[in-house]
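Chain letters run A, B, ... following the sequence lines, proteins first, then strands; residues in each count from 1.
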Amino acid sequence: MSKELATRFDPRAIEPARYRAWQEGGHFHVPASAVAEGGKEPYVIVIPPPNVTAVLHMGHGLNNTIQDVLIRWRRMQGRASLWIPGTDHAGIATQNVVERRLAAQGKHRTDLGREAFVAEVWDFVHHTGGSILEQLKAIGSSCDWERTRFTLDDDLSRAVREVFVRLYEKGLVYRGEYIINWCPRCHTALSNEEAEPTETEGRMWDLRYPLAPEACEAAATAAAMGATALSRLDDGRWTLTVSTTRPETMLGDTGVAVHPEDERYQALVGAMVELPLTGRRIPIVADAYVDPEFGSGMVKVTPAHDPNDFEIAQRTGIAVMDVMTPDGRMAENAPERFRGMERFEARAAVLAAFAELGLAAGEKVHVHAVPQCYRCHTVVEPRLSLQWFVRMKPLAEPALQASRDGTITFTPDRWKKVYEHWMENIRDWCISRQLWWGHRIPVWYCGCGEVIAVREDPTACPKCGSAALERDPDVLDTWFSSWLWPFSVLGWPEETEDLKAFYPGHTMVTAPEILFFWVARMIMAGYEFRGEAPFTQVYLHGTVRDAKGRKMSKSLGNGIDPLHVVHEFGADAMRYTLVSQCAIGTDILLDHEDVEGSFAAGRNFSNKIWNAGRFALMSLGDGPVKPLAEVRGAMELEDRWILARLEHAVAASTQDLERFRLHEVAEDLYHFFWGEICDWYLELVKARLAPGADAASREAARTTLVLALDGAFRLLHPIMPFITAELWSRLPWPEGELRPQDLIVAPWPTLDPTLGDPEAEALMGALQELIVEVRRLRKEYGIGEGVRITIHVHAPDPAVAATVAEQGAALERLARVGRVSTEPSGAGIGAHAVLKSGIELFLPLEGVIDVERERTRLAGEIAKLDAQLASTEKKLANESFVSRAPAEVVDKEREKAAGLREQAAKLGEKLDALQGVAS
RNA sequence: GGUCGCUUAGCUCAGCUGGUAGAGCACCACGUUCACAUCGUGGGGGUCGCAGGUUCAAGUCCUGCAGCGACCACCA
């Protein structure tokens with residue numbers, strides 16, 4: 001059977017079949033009955049649902065690898081480990097994709113009409129959607145596919161509607177006119193989180209507004225008080241100067257504000273301003289929002305286009321005037337010359353008009369964060385609009401408490417503070433979107449003024465009986481369904497068996513970018529609708545970036561396709577590489593221009609595991625091995641040592657997994673497998689496994705090797721499921737011991753006190769040190785592989801001495817030592833070393849190397865170094881060099897001299913040893 | 001503007017409760033009778049950003065400074 005194994009690991013030959021076998025074996029599916037009384041303890045993760053139209057990228061690769069590692073580990077620990085998969089309908093994103101396809105055919109969604117357009121989107125989703133879930137299988141994700149959900153599924157839609165109506169009845173959902181973020185391209189409202197502030201170099205313009213003639217006297221008084229905003233034009237009119245970054249909004253100004261306690265402007269409060277270009281007169285009002293220290297201390301107020309100005313209008317009662325259309329053009333109520341103009345054109349036109357009137361007062365460069373639509377990056381327009389909101393303060397209370405009292409933990413924990421800060425300052429959530437793709441708002445309006453929010457579609461108005469009801473045209477924000485995900489996927493609002501069994505869940509694995517969008521809201525929904533947090537651990541991983549630290553993205557073309565990596569190097573190689581870089585709170589860096597190099601660590605490790613496994617299987621042969629108890633007496637030092645090391649690996653990996661220190665698990669296991677099993681244990685037992693070796697010793701080695709590999713494969717399985725399962729399935733097994741059906745359900749190793757062996761570790765440590773030192777000396781003196789040498793060893797510790805004496809075979813095999821002498825080395829020509837274990841080592845060189853030649857060689861090298869040193873020193877002694885050459889050059893020369901001296905001294909010591917001088 | 005974080009080998013970063021500075025990649029030399037050249041063996045390379053302080057002991061704790069980054073925020 002071992003003949004079937006190729007010398008190079010070929011993931012394609014094993015991964016798809018393995019995955020199929022797991023799925024067919026039902027290992028991913030967890031029914032509610034599994035946790036029914038007396039059953040297993042559940043462990044539940046709900047997937048962050050990718051957009052239904054998404055294509056797998058490395059970010060998904062990372063996110064899902066981490067989840068799968070946790071799920072597989074808990075499954076092996078005997079938990080009912082459930083990972084619920086699914087996709088998100090992704091309102092704007094999906095609608096945009098379909099609109100673009102329509103645009104390619106020269107059509108707009110309005111050409112189709114609402115119903116046909118939605119049908120078109122469904123069609124698109126049915127044909128191309130969800131393929132990302134198939135791609136997740138290729139990287140080994142062990143989701144319970146029987147539970148796959150989509151946020152627009154009927155039952156999830158029912159949950160959404162139930163929640164909306166409940167919150168409406170509780171007064172937590174309300175409708176109102178507020179300034180919202182409006183995307184003039186997507187034609188929809190955006191939540192605060194969807195409007196991304198983007199650092200932009202813009203301008204701030206100063207504009208002059210003339211005061212009404214009757215305010216002349218007041219202006220003079222104010223000017224005398226030091227009103228810096230005031231100035232007089234050549235024609236004698238008084239003007240005040242205001243600043244703005246968006247001059248076009250001045251067409252909607254309905255007032256100018258000053259601080260109520262700003263004495264400079266007291267006389268002007270209540271006076272009127274003649275708003276240029278519009279022919280309108282607007283009042284000067286007092287409002288505490290104005291900062292007297294900033295600029296001139298006078299602010300133009302545009303209530304319909306700025307949230308703060310809107311609030312000023314609410315407080316002072318000045319008018320609200322919306323001068324823009326939904327697509328960002330100047331509206332009907334704007335002066336005729338600007339009407340219909342696009343907002344940025346209007347900006348230029350307004351500025352030109354001000355200049356013409358002599359009312360432009362200058363401009364300056366102004367860097368500020370301009371909000372952009374997170375989907376299309378169009379500059380967002382703050383706009384007055386009638387929208388639906390959720391009152392968040394009451395919902396935030398328990399969710400904030402949960403973080404404060406440690407019910408919910410964050411990893412890395414610095415996000416705890418960020419979360420709490422956001423929750424403390426939470427603002428109401430605008431949930432209506434002017435889209436067609438999504439959950440339609442379950443609200444009907446009656447001509448009589450009644451607003452009806454209900455669970456079942458109404459046929460008549462409950463108040464007046466009219467059947468002429470009009471449904472709200474808008475849909476809900478995508479996150480209004482995702483925030484319910486942890487319980488809606490379990491059948492809520494029905495009180496299902498699944499809900500009882502699997503709610504609350506345990507770990508949420510996601511990126512910090514959606515901490516507010518999603519994680520915080522899920523926690524709030526969990527408390528509001530289930531009375532309990534949906535999970536207790538939030539693990540926030542880093543972002544996948546390219547070699548230059550840029551986020552991987554389609555537009556930059558710097559992405560790496562996970563499926564390509566799986567195809568070339570295997571899912572295990574990809575998973576290992578990602579996990580090994582996954583230090584808490586750090587980003588993952590991969591070079592899209594060197595994919596092979598980026599995943600070399602994982603690929604090489606896979607190959608190493610494969611070859612070690614191959615060799616072990618060949619050496620072990622087909623028969624079962626003896627149980628540990630039967631071979632204990634015949635065990636050698638290396639057997640006891642490797643099992644003790646396995647115990648360390650078990651302890652470390654388990655602890656690290658519990659604390660999400662995944663990269664340390666990867667590192668520990670890499671070192672255990674490669675650095676200990678391969679580099680030492682396999683090398684040491686080769687002879688004992690060979691045919692013709694002592695039977696008892698061979699059996700002890702066979703059993704130990706099987707136990708060590710079994711343990712290593714189990715520990716590695718969550719990270720590298722395929723290769724470990726493949727090799728593990730071929731391992732011989734101890735006679736009479738029950739073998740789990742598949743590695744995926746083999747129990748996670750627990751500590752076995754009978755395997756711990758500090759003595760074996762100490763002795764093995766001494767032996768390793770000795771071997772390494774002998775190898776080093778061999779290299780140093782150029783003693784070829786073929787030359788057997790004698791070493792003299794004196795160990796003060798009798799146990800170490802005995803070990804060295806017993807381990808002649810190991811020294812022979814690993815350091816080509818022909819003879820170990822315990823006699824005092826005496827004086828002689830050779831190399832001497834004292835090791836940390838206390839071993840004094842002497843390696844005679846007479847007869848081993850051509851001492852005379854080596855002496856000559858060393859002397860020659862020393863002479864060469866001396867010559868170089870002399871020339872350097874001469875240079876440094878030259879005063880004009882030292883004083884005239886640049887300081888760095890002189891320093892470099894000094895460093896060089898020091899280096900040469902050091903090298904010469906080292907070689908001198910070596911030479912002394914060869915002279916036979918006792919040191 | 002506020003908050004938080006980072007600064008350790010050429011590169012990317014570990015270093016969790018203070019106790020002789022680590023890994024991977026890259027580099028240099030040697031090696032193909034050995035399961036693996038996707039390998040083996042050995043090696044070079046770091047005043048742990050700077051300045052103070054606490055301590056028997058500081059990369060690790062405290063203070064200040066500098067540089068970089070992230071998040072939040074309405075400054076017209």
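- Within 4.0 Å of A:V772, counting heavy atoms only, lie sugar-phosphate atoms of the nucleic acid but no base atom.
- Looking at A:T409 and A:Q537, their side chains never bring a donor and an acceptor atom within 3.5 Å of each other.
- Looking at the side chain of A:N607, the nearest of the listed nucleotides B:rG15, B:rC36, B:rC74 is B:rC36.
- Base contact: A:R8 has a heavy atom under 4.0 Å from a base atom.
- Here A:R778 lies out of heavy-atom contact (under 4.0 Å) with every strand.
- Among the protein residues, A:S296 comes within range of no part of the nucleic acid, since none of its heavy atoms lies under 4.0 Å from any strand.
- Not a single donor-acceptor contact under 3.5 angstrom links the side-chain atoms of A:Y289 to the base of B:rC75.
- B:rG2 and B:rC75: their C1' atoms are spaced 13 Å apart (whole Å).
- Contacts of A:W674 with the nucleic acid, taken as non-hydrogen atoms under 4.0 Å apart, involve only primed sugar atoms and P, OP1 or OP2.
- At the heavy-atom level, A:Q581 lies nowhere under 4.0 Å from the strands shown.
- The pair A:R788-A:E812 meets the salt-bridge criterion, since a charged nitrogen lies less than 4.0 angstrom from a carboxylate oxygen.
- Candidate nucleotides B:rG24, B:rC16, B:rU38 were compared by shortest atom distance to the side chain of A:A601, and B:rG24 ranks first.
- Residue A:R813 has its side chain nearest to B:rC34 when only B:rU41, B:rA73, B:rC34 are considered.
- No engagement by A:H671 is indicated, since no non-hydrogen atom pair under 4.0 Å with the nucleic acid exists.
- Side-chain N/O atoms of A:N604 include one lying less than 4.0 angstrom from OP1 or OP2 on B:rC39.
- Within the 4.0 angstrom heavy-atom criterion, only backbone atoms of the sugar-phosphate kind lie near A:R775; the bases stay farther away.
- Distances from the side chain of A:M618 to the nucleotides B:rA35, B:rG15, B:rU12 place B:rA35 closest.
- Comparing the C1' positions of B:rU7 and B:rG46 gives a spacing of 14 Å, expressed to the nearest Å.
- Across B:rC61 and B:rU41, the matching P atoms stand 36 Å from one another, rounded to whole Å.
- Residue order along RNA chain B, read from the 5' end via each residue's closest nucleotide, puts A:L589 first among A:P292 and A:L589.
- A gap of 34 Å separates the P atoms of B:rG1 and B:rG59, to the nearest Å.
- Set against B:rU12, B:rG40, B:rC39, the side chain of A:K779 has B:rG40 as its closest nucleotide.
- Between B:rA35, B:rA76, B:rC72, one nucleotide has an atom nearer to the side chain of A:L682 than all others, and that is B:rA35.
- For A:T245, taking side-chain heavy atoms from C-beta onward, the closest of the listed nucleotides B:rG40, B:rA76, B:rC72 is B:rA76.
- Test A:L384, A:I179, A:D309, A:T254 against A:V320 for side chain to side chain contact (heavy atoms under 4.5 Å, CB included) and you get one pass: A:L384.
- Nucleic acid contact class of A:R816 (heavy atoms, under 4.0 Å, all strands): base.
- The base of B:rA35 is paired with the side chain of A:E683 by a donor and an acceptor separated by under 3.5 Å.
- Listed nucleotides: B:rA35, B:rA76, B:rU41. Nearest to the side chain of A:M204: B:rA76.
- Only the C1' atoms considered, B:rC13 is 29 Å distant from B:rG52, to the nearest whole Å.
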Apply salt bridge (Lys or Arg N to Asp or Glu O under 4.0 Å) to the pair A:D262 and A:R264, showing each step before the final yes or no.
-> CA-CA 6 Å; A:D262 190 341; A:R264 297 173 295 172; 2.8 Å; yes
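- No side-chain donor from either of A:D428 and A:Y178 sits under 3.5 Å from a side-chain acceptor of the other.
- Among the protein residues, A:F569 comes within range of no part of the nucleic acid, since none of its heavy atoms lies under 4.0 Å from any strand.
- Each of B:rA35, B:rC13, B:rG42 was ranked by its minimum atom distance to the side chain of A:R776; first place goes to B:rG42.
- As rounded to the nearest Å, B:rA70 and B:rU60 have C1' atoms that lie 24 Å from one another.
- The closest side-chain donor-acceptor pair between A:E363 and A:W205 falls under 3.5 angstrom.
- Comparing the C1' positions of B:rC65 and B:rC27 gives a spacing of 36 Å, expressed to the nearest Å.
- Residue A:H366 is in sugar-phosphate contact alone, with no base atom involved, counting any heavy-atom pair closer than 4.0 Å across all strands shown.
- You'll find that the side chain of A:N611 is closest to B:rC36, out of B:rC36, B:rC34, B:rC75.
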Kindly express the pairing pattern of RNA chain B in dot-bracket notation, using | wherever a base pairs with another strand and counting only Watson-Crick or G-U pairs under 3.5 Å.
-> (((((((..((((.....[..)))).(((((.......))))).....(((((..]....))))))))))))....
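- Of the two residues near RNA chain B, A:R659 and A:K836, the one whose nearest nucleotide lies more 5' is A:R659.
- By the 4.0 Å N-to-carboxylate-O rule, A:R246 lies close enough to A:E381 to be salt-bridged with it.
- Between the side chains of A:K300 and A:T302, a donor-acceptor pair is found at a separation under 3.5 Å.
- Taking 4.0 Å as the cut-off between side-chain N and carboxylate O, A:E420 and A:K417 do not count as a salt-bridged pair.
- For the residue pair A:D572 / A:S606, no side-chain donor-acceptor distance below 3.5 Å is found, with atom types taken as modelled.
- Look at the P atom in both B:rU63 and B:rG5: the space between them is 11 Å, to the nearest Å.
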